[in-house]
Amino acid sequence: EVFPAVAPRYDLMNDLMSLGIHRYWKRFAIETCGIRPGQQILDLAGGTGDMTQLICRKLNGTGQVILSDINPSMLSIGRDRMIDAGLHGCVETTLCNAETLPFEDNRFDCICCAFGLRNVTDKQQALESCLRCLKPGGRLVILEFSQFKLDSLQPLYDLYSFVALPLMGKWVADDEDSYRYLAESIRRHPNQETLTEMMSQAGFEKCGWFNLSGGIAAVHRGYKI
């Protein structure tokens, strides 16, 4: 119920909430994917498609990226954006649940998921579903909010998360409750160490993470061997 409400102003709010820093985080995550022309890529929980556009540039007109999301409103906006950008030739859109991906085994060279995993109910099942769909040698890259590591600034970060974000949602998107949910979902999401352990338990190898902006976000990576 949250995402149909925020979909029309989702990208604007991302820019305002992060002061545009989310774009740097996403570019870093794409570089971590190691995408090469001709590959098959899944943008999981890709929403409005900003990661998909970055992936298309890496594919350079060859290969394919599937933009997937469980929410029809977000996916519709993402599909329209791909058409407007002239990228619909290499992009397919699929409505699907991350816990039960509707793709054959060993399909993708890389699966990336930016700011979507924390909204998945059964994260462990979703990680196992990703592993099944990756080719041997493929990688999973997850960009997600994580545990802030600068203790001296934690009170300020909490004030921003639980007071400023809902107010911003109220003023800009006319939806205070959805952005209060955002802050709460970040706190409930597994921290860096826990998510890395979950990836290992799902069967991924060489798992690790990179902190971004003091741990406000982190990029996790694991391989299917």
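Of the possible donor and acceptor atoms, none in the side chain of Lys58 sits under 3.5 Å from a partner among the backbone N and O of Ile35. Put simply, the side chain of Ser76 never gets that close to the backbone of Ser73: no donor and acceptor are under 3.5 Å apart. At least one donor-acceptor pair under 3.5 Å links the side chain of Asp69 to the backbone N or O of Gly47. Looking at Gln192, its side chain does come within 3.5 Å of a backbone N or O of Gln147 through a donor-acceptor pair. The main-chain N or O of Leu101 is found under 3.5 Å from a side-chain atom of Ser129 such that the two form a donor-acceptor pair. Judged by distance alone, the side chain of Ser68 and the main-chain N or O of Asp43 form a donor-acceptor pair under 3.5 Å. A donor-acceptor pair is defined here as one N or O able to donate and one able to accept, closer than 3.5 Å; no such pair exists between the side chain of Gln39 and the backbone of Asp109. Side chain of Glu99 to main chain of Gln125: no donor-acceptor pair is present (N/O by atom type, distance under 3.5 Å, no hydrogens or angles). Of the possible donor and acceptor atoms, one in the side chain of Glu144 sits under 3.5 Å from a partner among the backbone N and O of Arg118.
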Pair Val141-Met51, side-chain contact (heavy atoms from CB on, under 4.5 Å): steps then yes or no: CA-CA 12 Å; Val141 174; Met51 289 287 282; over 6 Å; no
side-chain contact (heavy atoms from CB on, under 4.5 Å) between Tyr24 and Ser18, worked out: CA-CA 10 Å; Tyr24 157 75; Ser18 71; over 6 Å; no
Working for side-chain contact (heavy atoms from CB on, under 4.5 Å), residues Cys33 and Ile41: CA-CA 10 Å; Cys33 291; Ile41 313 296; over 6 Å; no
side-chain contact (heavy atoms from CB on, under 4.5 Å) assessment of Met74 paired with Thr48: CA-CA 6 Å; Met74 296 287 284; Thr48 57; 4.2 Å; yes
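Residues Pro72 and Leu95 share a closest heavy-atom pair of N-CD1, 3.8 Å. When all heavy atoms are compared, the tightest approach of Tyr223 to Gly137 is CD2-O, 4.2 Å. In terms of heavy atoms, Ala202 sits closest to Glu128 at CB-CG, 3.9 Å. Heavy atoms only, all atoms of each residue included: Ala183 and Ser161 are closest at CB-O, 3.2 Å. Scanning all heavy atoms of the two residues, the minimum distance from Pro155 to Ser152 falls at CD-O, 3.9 Å.
How far CG of Asn119 is from OH of Tyr181: 3.5 Å, rounded to the nearest 0.5 Å. For the atom pair CG of Leu54 and CZ of Arg23, the computed distance is 9.0 Å after rounding to the nearest 0.5 Å. Taken from NZ in Lys123 to OG1 in Thr194, the straight-line distance is 11.5 Å, to the nearest 0.5 Å. From Leu75, atom CG reaches atom OG1 of Thr94 across 7.5 Å, with rounding to the nearest 0.5 Å. For the atom pair CG (Leu59) and SG (Cys90), the distance works out to 6.0 Å, reported to the nearest 0.5 Å. Note that CZ of Arg36 and OG1 of Thr62 are 11.0 Å apart. Values are rounded to the nearest 0.5 Å.
Residue Leu117 is not grouped with residue Ile70 when hydrophobic side chains (ILVMFWY) are merged at heavy-atom distances under 4.5 angstrom, including chains of intermediate members. Clustering ILVMFWY residues whenever any of their side-chain heavy atoms sit less than 4.5 angstrom apart, transitively, puts Val163 in the very cluster that holds Trp171. At a threshold of 4.5 Å between side-chain heavy atoms, the hydrophobic network of Ile, Leu, Val, Met, Phe, Trp and Tyr places Phe162 and Leu156 in two separate groups. The hydrophobic cluster containing Ile66 also contains Val120, counting ILVMFWY residues as joined when their side-chain heavy atoms lie under 4.5 angstrom apart, directly or transitively. Linking Ile, Leu, Val, Met, Phe, Trp and Tyr residues whenever their side-chain heavy atoms come within less than 4.5 Å places Leu195 and Leu131 in a single cluster.
Between Phe108 and Phe103, the two ring planes are perpendicular [angle over 60°; tilted spans 30° to 60°]. Ring geometry for Phe148 versus Tyr157: interplanar angle of 30 to 60°, hence tilted. Below 30°, between 30° and 60°, or above 60°: for Phe145 and Phe115 the angle between ring planes is between 30° and 60°, a tilted geometry.
A heavy-atom distance below 4.5 Å is not found between the side chains of Val65 and Leu87. Put simply, the side chain of Lys224 reaches to within 4.5 Å of the side chain of Asn106, judged on heavy atoms. Contact annotation: the side chain of Glu184 approaches that of Arg180 to within less than 4.5 Å [non-hydrogen atoms, C-beta and beyond]. A heavy-atom distance below 4.5 Å is found between the side chains of Asp158 and Arg187. Looking at His22 and Met17, their side chains never come closer than 4.5 Å, going by heavy atoms from C-beta outward. Here the side chains of Phe204 and Arg221 are not in contact, with every heavy-atom distance at 4.5 Å or above. Put simply, the side chain of Ile111 reaches to within 4.5 Å of the side chain of Cys133, judged on heavy atoms.
Salt bridge absent: Asp50 and Arg81 never bring a charged side-chain N and a carboxylate O closer than 4.0 Å.
Atom NZ of Lys170 is surrounded by 12 or fewer heavy atoms from other residues, nucleotides or ligands within 6.0 Å.
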